[in-house]
Amino acid sequence: MAKPRILIVGGVAGGASCAARARRLSEAAEIIIFDRGQFVSFANCGLPYYVGSVIADEKKLLVANADLFKERFNIEVRLQHEVIAIDRASQTLTVKNLQTGEVLQESYDALVLSPGAAPIRPPLPGIELPGILPYGRFPIAVGFENGLRLIK
């Protein structure tokens with residue numbers, strides 16, 4: 001019997017946790033996480049502490065990197081890879097490498113969608129003014145903190 005191929009779209013809390021759980025359920029499965037960002041896992045709950053300067057170094061928010069996932073869990077992580085299409089009938093993903101522009105087809109036996117979210121920017125007067133900053137993901141929080149320093 002061929003080993004199952006599990007593809008996970010999105011890392012961080014949902015996708016990374018799912019991948020680790022899938023590994024505990026099947027040592028034989030091939031598991032791949034695709035994330036369009038630069039980080040597979042970071043402490044979302046620590047973001048307010050970073051912005052509030054309780055945590056001074058943003059690197060302390062990084063929980064795990066792609067190498068750790070490979071070494072500890074035998075899970076492949078492809079950062080800066082965006083899933084641009086899903087063909088459910090043929091059970092394939094179309095994935096774009098955001099660094100090279102290369103587009104690949106990846107087949108799956110099981111697919112998990114955990115793409116995260118983006119902050120809502122309501123159509124309010126002044127929403128684009130300096131100091132009105134989105135918040136919610138690691139790179140955004142770093143930019144948020146840098147923006148706060150600029151307007152202090």
Side-chain angles (χ1 to χ4, degrees), residues 1-122 132-149:
M1 183 170 131
K3 61 183 178 177
R5 192 160 202 249
I6 303 168
L7 303 185
I8 301 171
V9 179
V12 192
S17 298
C18 178
R21 176 72 175 144
R23 173 57 66 225
R24 286 191 296 274
L25 293 173
S26 172
E27 286 293 322
E30 179 183 6
I31 303 170
I32 304 172
I33 299 172
F34 297 96
D35 196 291
R36 63 180 160 202
Q38 297 175 323
F39 310 101
V40 66
S41 184
F42 58 87
N44 263 325
C45 58
L47 294 178
Y49 297 102
Y50 172 71
V51 171
S53 299
V54 174
I55 298 173
D57 182 3
E58 70 262 17
K59 291 183 184 93
K60 292 192 183 272
L61 296 173
L62 299 176
V63 176
N65 61 29
D67 292 336
L68 182 121
F69 271 87
K70 188 63 176 173
E71 291 165 15
R72 188 175 295 171
F73 303 112
N74 192 25
I75 295 170
E76 183 179 344
V77 176
R78 298 188 195 170
L79 297 174
Q80 297 185 341
H81 280 70
E82 183 175 19
V83 173
I84 56 176
I86 301 170
D87 184 337
R88 292 182 355 193
S90 67
Q91 290 188 285
T92 59
L93 298 181
T94 304
V95 182
K96 182 177 183 180
N97 180 327
L98 298 176
Q99 293 178 308
T100 66
E102 182 182 15
V103 176
L104 305 167
Q105 299 293 315
E106 298 285 351
S107 63
Y108 63 86
D109 297 304
L111 176 63
V112 177
L113 301 176
S114 182
I120 295 171
R121 308 253 320 157
I132 308 295
L133 305 168
Y135 176 78
R137 294 187 308 239
F138 180 70
I140 292 173
V142 172
F144 187 92
E145 172 63 13
N146 291 335
L148 287 178
R149 287 188 191 120

(request) Could you point out which residue of Val95, Thr94, Leu93 forms a side-chain contact (heavy atoms from CB on, under 4.5 Å) with Ile84? (result) Thr94
(message) Using the side chain to side chain contact (heavy atoms under 4.5 Å, CB included) criterion, which residues pair with Ala29? Sequence neighbours excluded.
(response) Pro4, Ile6, Arg23, Ser26, Ile31
(message) Just verifying a value: how many Å separate Lys96 NZ and Arg36 CZ, rounded to the nearest 0.5 Å?
(response) 12.5 Å
(request) Identify the two heavy atoms, one from Ala16 and one from Val12, that lie closest to each other, and give their separation to 0.1 Å. (result) CB-O, 2.8 Å
(request) Drop me the distance from Thr92's OG1 to Asp87's CG, to the nearest 0.5 angstrom. (result) 4.5 Å
(message) Ignoring hydrogens, what is the shortest heavy-atom contact between Ala20 and Ile75? Give both atom names and the distance.
(response) N-CD1, 4.0 Å
(message) If I take atom CD from residue Gln99 and atom CD from residue Gln80, how far apart are they, to the nearest 0.5 angstrom?
(response) 4.0 Å
(message) Does Arg121 have more than 12 heavy atoms from other residues, nucleotides or ligands lying within 6.0 Å of its CZ?
(response) yes
Donor-acceptor pairs are to be reported for all side-chain atoms of residues 109-118 against protein atoms at under 3.5 Å, with residues two or more places apart or in another chain.
residue	atom	partner	partner atom	Å
Asp109	OD2	Arg5	N	2.7
Ser114	OG	Gly15	N	3.1

(request) Could you tell me which residues satisfy salt bridge (Lys or Arg N to Asp or Glu O under 4.0 Å) with Arg24, sequence neighbours excluded, listed by chain and number? (result) none
(request) Answer yes or no: does atom CG of Leu25 have more than 12 heavy-atom neighbours from other residues, nucleotides or ligands under 6.0 Å? (result) yes
(request) Could you go through the side-chain contact (heavy atoms from CB on, under 4.5 Å) check for Asp35 and Val77 one step at a time? (result) CA-CA 8 Å; Asp35 196 291; Val77 176; 5.8 Å; no
(message) For a quick test of reading the model, state the closest non-hydrogen atom pair linking Leu79 to Gly37 and the distance between them.
(response) CB-O, 3.6 Å
(message) Rounded to the nearest 0.5 Å, what separates atom CG in Asn65 from atom NZ in Lys70?
(response) 13.5 Å
(message) Going by side-chain hydrogen bond (donor to acceptor under 3.5 Å, both in side chains), Glu106 matches just one of Arg78, Gln91, His81. Which one?
(response) Arg78
(message) Nearest 0.5 angstrom please: Tyr108 OH to Glu30 CD, how far?
(response) 15.0 Å
